[in-house]
Every structure is written in structure tokens, then in C-alpha cells.
Amino acid sequence: MTRETRSTCPYCGVGCGVIIESSGDEITGVRGDPEHPANFGRLCTKGSTLHLTASATVTRQTRLLQPMQRLVRGEAPSVVAWDTALDNAAGKFAQVIRDHGPDAVGFYVSGQLLTEDYYVFNKLAKGLIGTNNIDTNSRLCMSSAVAGYKQTLGADAPPACYDDLKDAHCLFIVGSNTAWAHPILFRRIEDAKAANPALKIVVADPRRTDTVEIADLFLPIQPGTDVMLFNGMLHLMLWEGWTDAKYIAAHTSGFDALKATVRECTPDKVAQVCGISKDDLLEAARLFATSPATLSLYCQGLNQSSSGTAKNAALINLHLATGQIGRAGAGPFSLTGQPNAMGGREVGGLANLLSAHRDLANPDHRAEVAALWGVPSVPEKPGKTAVEMFQAAADGEIRALWIACTNPAQSMPDQATVRRALERAEFVVVQEAFATTATCAFADLLLPATTWGEKEGTVTNSERRISRVRAAVPAPGEARNDWSIAVAFARRLERQLGRTFTLFPYETAESVWNEHRESTRGRDLDITGLSYAMLESAGPQQWPLKEGEDTGRARLYEDGVFPTPDGRARFVDTVYKPVAEAREARHPFSLNTGRLRDQWHGMSRTGTAGRLFGHVPEPVVQMNAQDMARRQIGEGDLVHLTSKRGSIMLPARASAEVGLSQAFVAMHWGEEYLSGVSSNGTRLAGINAITTPAFCPTSKQPELKHAAVKILKAELPWSLLAMAWLPDGEALAAHRALQQAMALFPFATCVPFSGNTQGTERTGILFRAAAHDAPDDALIEKIETLLGLQAADALRYADRRRGQRRSARLVRRADGSAGLEAFLLGGDTSAEAWIATLLREELPAQSYGRLLLSPGSKAPVAVQSRGKTVCTCFSVADAAIQTELARCAGTPDERLAKLQGALKCGTNCGSCIPELKRMVRATPVEAEALS
């Protein structure tokens, strides 16, 4: 019998509600919760495929299901009992603490943990051990937003809400590809524009992203110049008399110092630094200042910067100067990057914070938390933040690391330092749901944790709305809830350290949450009026919600009173500083990183669904076509991307999104999908092998949005391409096994793919590599074995002297036709286009036979490709869309509606709508359709 369980989506910070369908111990389906106020039933491509990532076949191939201990680093771990694992961990940590002090250990946790998990870890580090060395991957995501809010408004509290989108008259979107990073929120932006065509939308971004498709004004600023842009806008607002003098006088302080700074930010200077026209600058300032209600939306483009706090504060300065805050449709709205980065901020899960938005530097706040926890004191020494923590471990200062629900060996910048830290640390614990992450390979102890669909607790989304997370199925294997693991470890550590009573009396997630709730009493995020029972009966609620209140507050600061000592918001004197690593002759390109539409973070979950690789199937670097032409780089050519920290190789792709002297690589591609080995034998660790650890001095958030790189064409004359359909229970295991082969080539990628042309969705693996010379036969035979190409019925051709090798396997289908099940091209891979199409689209292949082994690029019989997937939900490719649009006459909106009626693309999650609109504009109508 099918059960239904309400929960939330584990991806971005929009906090979408989901209804999980399950049967027995398996999740069988998912759909949007029509009653959840964050999404009203909508889900993006990632959310709508969650059940595919939680299937029994995925669990068997990818999940960590038992505690495992690695006795010798570099060797395979062995299974141990939970008691043995936790006793070992407690003993190791206690020994390090006794020998070297509490600051010799560190905890690195995650914005994907639940609030209850976060709370226990924070108390464990700061209350029991006595170290503030606990930080989170939210440091890479939201710490600049936190610092910006605190500097200006007095507290880390986003003042706006999602309903403000329908009340806004101007949307100012900066540093956010909302269409891809927060697609369900973008649907609400589209709705607001449709309901109010007069709504003006300004987008500022170095790239022409899908979000720009909805903009009335696009500002293609140079990387890192946001502060200059905002100061220049304020300069014009002052010049034109567009500021709100009454609001400034009544509710703010510090404006005079800021005015002196922005006086120097003249239109000429801003245009030169930002690379935009003076007319566009003036129009942006006018729309922002004179609109009846302006709402700004921003994310990693502001946060992931060496000036991240200044960027956030400079934008908030504009809201304060124009009074665009504290009312419907107006305010600075930071979009959260992770599902519970907000919850982590609420419990103080960063190295510089304490529970309930308290400051570590404030002695009164430390005393309040110590009293709540029943400990003599909370340490005052600031803890190591993410970059600092791994640097300290690399230097031998931190000797034991506990990593939970995050993958720093993929996501942290400057991977050489991160990996040196993991190797040098005496003891590394990885608490994780997936055994496939790069960090697991460095663990001395692996602890299996529950994940989406198996957990109980709460999360908080971008608009301060707390939702219940519920388990739909039991934990697989021996996996345990994250808070429960931390509690079991803490109790053992207490005994090791000589404590006679426990600080961790929790038996349920709710008991943890109740203590967290009490910590908020009297604070700006007071939730003493909220309970699990209220969340069950009344649904998700926004904070603050004080004791005695029935509902939370939709927006903040409507009375103009701010949580500062004098009740006034504070202007910050934001002086423009360029990026930490400027372009120069040896490194003439600005490298930007960011999200893909259908992937998430390090892809430990989304990477299990071949369907989600349809839109962007493989790692590439996007470049401007003019830059490629100047350097004689062809489409698909391999190039070296080299920074001061390392080098990686990627195929180059021309993109109209990217400006001159700029490049873009998706943040998701770690060594699990993109690898190789350098000439000195060092394994190349994905995109973050070359990103910079330089960080904002206030927020300590690294500048993942910019690194100076050089791009040179790579000369690797021998190449290999292999593709195979594999049984559902083997594809992901084969992907893991092929990762070992990836490390034996100078360049290699390995990704899943999927297809559904025969009525049943199938999963396959694509392996691509390049080298100076043909590798040993044994390596290619290993690849062939993993892809089913060593079977007796496989066709083969090999010419070792010329470095050529081909193999193919045909199978008889149910309808009697023969289909290509797997192939490998080694040396000459020019036939990739038609042979890959033959396999991926499951076209009849009986007429090809041994012709599959012939050299050359030309197909013996014409093969028509479906093209690139645009709509993931209904597997609609660009060729079909272009064909249909050629027959659709009318206005752009009418043509889009006809297209959707015919092919259904864009009618489910809507994530592809910006791309569809672009195709509508670019595809002409055939003459016959006009007549």
C-alpha cells in the first residue's frame, strides 16, 4: 500500500514542500506539496526526481550502510560495529584534547543538516570540548550575507518574504542566476511579471544567464565590481534627489561618511570600472530609487567574494537611502543557497556565532549560552573558519577532524591544501550518507547517516519559514540520524573527559529542538510560541513567533526600529576594492564558477540520476567565441585551465553567456566526474583545484566567484570514448570503479546518462579520456570489462602499432531488432557523433554490424540526432522544439503556448521556460505556417 508523507526538498533554500510516496521500505514517488507556502505544489527538475535518487538500486550502489574503519590509509575500509566505531572516535578525540588542547580538534558540518543536528554539534564543540573550531559549508555560501545583515540592520534576519514578489514594482536581481539556482522562486517572479507587466526587472551579472531572459534592463558588469556599481547608483540618487531624507534622518545613522565615499564614484568612473554604459547606470538607479516598492534578490555573486560583506552592505545601503525596506514589496532579500543554512545560522553553527544569533565576541552572550547549557563558560577565542580550519590541519595545528554531511575534498577552494590537511590530520571522521564522495577516501572512520526521506526534524528557508522534515521510510542498513550519532559520540567523550553528568539528555529530535527554542527567548528570532505540534497542525511558520502569538511575522522592520543599540539601521562606508586576484598577462582570464540547472553541489545525490545529465551532459569550460578564435581553440578542443594553485583540463565550448576575457565552469565537477593526473603524478581534483582560498576579511567567505587563470590549448593526440547501457543495479557501481581508471589518464571524465526511447528509462555510463600516447591494453580491457565489452559476442578491432582500438556490442531487443548496447573508440574518435547517437537514442543498428569498427567520422547510413535535452521532465530535445516552432505562428507568447501544447515542454517544473523563450525568439516561422 502506498503511503504519503509530508516533508521538504533537500536542495536550495527556497524550502519547497514535498509529498513523499512510499511502499514498504522504499520511496516510490514524489510530488510538490500544494499546501506548502514556499512552492504551492511546484517542484524543479531536481525536486521532481528525488525518488529516483532514493531507489533501492541507488541505495545499494552508493550509500554508506555500515560503520567502517580504515586501518591503513589508502586501503579499503572494513566494517565495524557502531559501539566499536564510537568508542574509537571518542578515544582518539579525547587523546588529542588531552595531549594538545581542545583547539586541536575541529568540526566541519553542513547547511544540509537539520536544525536539530546542527544544535547538537554546536553544543558538542563549544559546550563540551571547549573549542569554537566548528564551521560549516555555509561559510562558502551565506556568511557574507550574515555579516552584511548584521553590519547594517543589526541582526542576521532577512526582512522580506516570498509574497513580496507580487507586491514589488521593481526587482533588482544581482549576483544570482535565480532561474537555475532557485527555479521555483523564479516561477513566482514569472507569475509576478505576468500579473503586473509594469513590473520592472533589473539583472546585474557578469554572465548573460537564463535569468536575464526576464530582465527589462541587463547590467553585464565586470567580475567583482558590485560595490562600485552600488556606490555609483547611490551617487546618482543623491545627485538626482532620489534618496529619502526623512527615512534616513528618522531610522538610520552613518550616512555622512558613506556620502563622502560615493561622491568619488562618478558615472564616468563606474562605467569604466564596471564595463557598463552611463545611461544604463542612470536607469538602474532611477528604477531602484523611484519605484513604489523595490525588492532586491541576491546570492553567491555577492557572497562568494573577497569583498562579500561590503557587497552585501553596499546593496543594503541603497535600500536604507531610499526607504525601500520594511514594507510590502520592498527590502534586501538574500536567497539562501542550501536547504537549512538558515537553521545553522539560528543555532550558531559557525565559528564566530552562538545560539540564537548571539555573538561569540560578546561576553554577555557567552554567559547566557553557558547558563543555558549548564557549563562554566563558553570559550571566547574565535574558532577557525572553513578555509582557516583546513589550513590549520595542513599545518599540523588541528589534528583531528570530524566532517558531517559535506564533501570538502570537492567543494572547498584550493584543493591541494585541503587534501594535504586531510592527509596530515591524525584522525579523520566522515559522517555521511553516501560512500561515493571524494572526502570518504580520506576517512579513518566512516559513520553512516540518514538522508532525505529518512530524517526527522526541522529546516528554515530563505524567508525565515520553519518546516517539519519527516521520515517516509526506515533508515537503510545501520544508518543513524545525524543528531543521534553526535549525541552517542558526545556521551562517550564525556566519560573519557571525566564528566559525571551528561549535557546531551536527548532521546528524540523534538527534545533537541525544544532546547534550541528556549535559547531564542527574547532574541530577534524568538520562536517560544512555536512547537512541533503547531508545525503539525498549522503547517510551516515564519519567525519571530513569540510565546502567546498565533502566527509569525511575514516581514521585518515595518516600524523602522532595528535590533541595534540605538534602534537605527547603520549605513556602512563601503569602499570599492577589486577582486583579490586580478587578471594579468600570465593569467588573463577571469574564471567564474556556479550552478547548473539540474545539478546540486557535489552531485552525490543528483549524480545518481542519469536523467539530470541531459541538459549539460559533461564537464566543459564556457568561453567567449572571440577568445576561442584568437587562441585557435576549436569547439570541443581540450584546454588547460591554470591558476597559481594548479591546473585542470576541460573541453572548451563557445557560449554567448560569457564576456570577453572571462570563462565559466560549473561548481559541481569534482574528481568523481572530472579527473586526470598531471605530468608530476598529482591527481587533478576537479574545478576547485584552481579556485582561490582568498576570503572576505569580515565574513571569511572565499572568493569562489573569481580566480585569474590562463587558458591554453592542450596537446593530447590520443583520445578515447566509451559508452554503454548497463543494468540499473550496475551502472553507478561501474561509475565508481571507473574512477580508478580516470586517475591513469592526463584527462578523463566519467558521467551517467539516461534514455527512454523504448518506453523504459535506462541508465548508461559515458567515459572519455585523452593522453599523449595509447595506454597499455590492460587498462583499456579493464574499461571494456566494466562496460560489458569483453563479452564473447562483442565485436573488436585493434591496431596497437597505430594506437587504434574499437569495440562494440549489439543485443537483440524485444521487438526483434538489434541495438547498440556498448561501444569504445580508442585513437580515432571522430565517429563519436553518429555512433553515440545510435546508442543513446537506441536506434536500430542491425544494418551497421562491423561497419561500427570502421575508421573515420562519416556514418555509413545517415543518423539523425535528437539533439540536446532542453526539457528534462519530458525529455524534449532542441531539434524537436525547433521543428515545432517552425510551424508555430503568432506572438512570442502564442508560439510558446502552442509549443507547450504540442510537446509539453515547460509544463511541469518550468525550469526550461527561459531557454524555451530564447528559442522562440531565435527560431523563424516557416512560410507555410504564416500563410
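Remark: Arg595 engages no residue in a salt bridge (charged side-chain N to carboxylate O under 4.0 Å, His left out) (not counting sequence neighbours).
In this structure, the side chains of Ser176 and Phe186 stay at 4.5 Å or more apart for every pair of heavy atoms. Looking only at side-chain heavy atoms (C-beta outward), Glu618 and Pro651 stay at 4.5 Å or farther from each other. Side-chain contact check for Phe823 versus Leu787: every heavy-atom pair is 4.5 Å or farther apart. Side-chain contact between Ser138 and Met342: absent, with no pair of heavy atoms (C-beta onward) separated by less than 4.5 Å. Arg3 has its side chain within reach of Val473: a pair of non-hydrogen atoms, C-beta onward, lies under 4.5 Å apart. The shortest distance between side-chain heavy atoms of Ile648 and Phe747 does not fall below 4.5 Å. No side-chain heavy atom of Val430 sits less than 4.5 Å from a side-chain heavy atom of Leu445. The closest side-chain heavy-atom distance from Val751 to Phe767 is not below 4.5 Å.
With 3.5 Å as the limit, one finds no donor-acceptor pair spanning the side chains of Thr57 and Asp728. A donor-acceptor pair shorter than 3.5 Å cannot be found between the side chains of Gln69 and Ser78. Residues Ser110 and Thr406 bring no donor and acceptor atom of their side chains to less than 3.5 Å of each other. In the model, Asp598 has a side-chain atom that pairs as donor or acceptor with a side-chain atom of Thr45 under 3.5 Å. Side-chain contact of Thr2 with Glu21: a donor-acceptor pair under 3.5 Å is absent, judged by distance alone. Side-chain atoms of Arg597 and Thr872 form a donor-acceptor pair, as typed in the model, at a separation below 3.5 Å. Checked by atom type, the side-chain pair His615/Glu915 shows a donor-acceptor distance below 3.5 Å. In summary, the side chains of Gln338 and Asn137 do present a donor paired with an acceptor at a separation below 3.5 Å, with no hydrogens or angles considered. Glu672 and Asn407 are linked by a side-chain donor-acceptor pair at a separation below 3.5 angstrom, with hydrogens and angles left out of the test. Side-chain contact of Asp482 with Gln431: a donor-acceptor pair under 3.5 Å is present, judged by distance alone.
Between His36 and Pro540, the shortest heavy-atom distance links the atoms NE2-CG, 3.3 Å. The two atoms that bring Ile783 and Ala741 nearest to each other are CG1-CB, 4.2 Å, heavy atoms only. Listed here is the closest heavy atom pair of Pro914 and Gly910: CD-O, 4.1 Å. Across all their heavy atoms, Pro183 and Lys46 have their closest contact at CG-NZ, 4.4 Å.
At least one donor-acceptor pair under 3.5 Å links the side chain of Ser655 to the backbone N or O of Glu657. Although no hydrogens or angles enter the test, the distance criterion places a donor-acceptor pair under 3.5 Å between the side chain of Gln300 and the main chain of Cys141. With Gln304 contributing its side chain and Leu140 its backbone, the two residues share a donor-acceptor pair below 3.5 Å. Checking side-chain atoms of Glu842 against main-chain N and O of Leu839 turns up no donor-acceptor pair under 3.5 Å.
Annotation: cation-pi pair Arg188/Tyr162 absent, no NZ/CZ under 6.0 Å from the ring centroid and within 45° of its normal. Relative to the six-membered ring of Phe442, Arg419 misses at least one condition, a distance below 6.0 Å or an angle of at most 45° to the axis. Cation-pi geometry between Arg605 and Trp600 is not satisfied (NZ or CZ under 6.0 Å from the ring centre, within 45° of the ring normal). Both tests pass for Arg840 against the ring of Phe753: distance under 6.0 Å to the centre and angle within 45° of the axis.
Here CG of Leu64 is found 9.5 Å from OG1 of Thr436. Values are rounded to the nearest 0.5 Å. In this structure, OG on Ser7 lies 4.5 Å from CD1 on Ile20, to the nearest 0.5 angstrom. The distance from the CG atom of Asp210 to the OG atom of Ser911 is 10.0 Å, given to the nearest 0.5 Å. The line from CG of Leu704 to OG1 of Thr593 is 5.5 Å long, rounded to the nearest 0.5 Å.
Classification of Glu456 and Arg470 as a salt-bridged pair fails, no side-chain N sitting under 4.0 Å from a carboxylate O. The pair Arg6-Asp33 meets the salt-bridge criterion, since a charged nitrogen lies less than 4.0 angstrom from a carboxylate oxygen. With salt bridges taken as basic N to acidic carboxylate O contacts below 4.0 Å, one links Arg762 and Glu821. With respect to the salt-bridge test (charged N to carboxylate O, under 4.0 angstrom), the residues Glu116 and Lys455 do not qualify. Contact check on Glu536 versus Arg468 returns a salt bridge, with a Lys/Arg side-chain nitrogen under 4.0 Å from an Asp/Glu carboxylate oxygen.
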Practice task
Decide yes or no on side-chain contact (heavy atoms from CB on, under 4.5 Å) for Thr606 and Tyr11, but give the supporting numbers first.
Solution key: CA-CA 10 Å; Thr606 55; Tyr11 295 128; 3.4 Å; yes

Problem - His735 vs Tyr673, ring-ring contact (aromatic ring centres under 6.0 Å, His included): CA-CA, chis, key distance, verdict - result: CA-CA 9 Å; His735 178 253; Tyr673 303 94; 5.1 Å; yes

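Applying the 6.0 Å contact sphere to CG of Asp25 captures no more than 12 heavy atoms from other residues, nucleotides or ligands.
When each of Glu454, Glu432, Glu478 is paired with Arg63, the salt bridge (Lys or Arg N to Asp or Glu O under 4.0 Å) condition holds for Glu454 and for no other.
Using cut-offs of 30° and 60° on the angle between ring planes, the pair Phe390 and Tyr108 is perpendicular.
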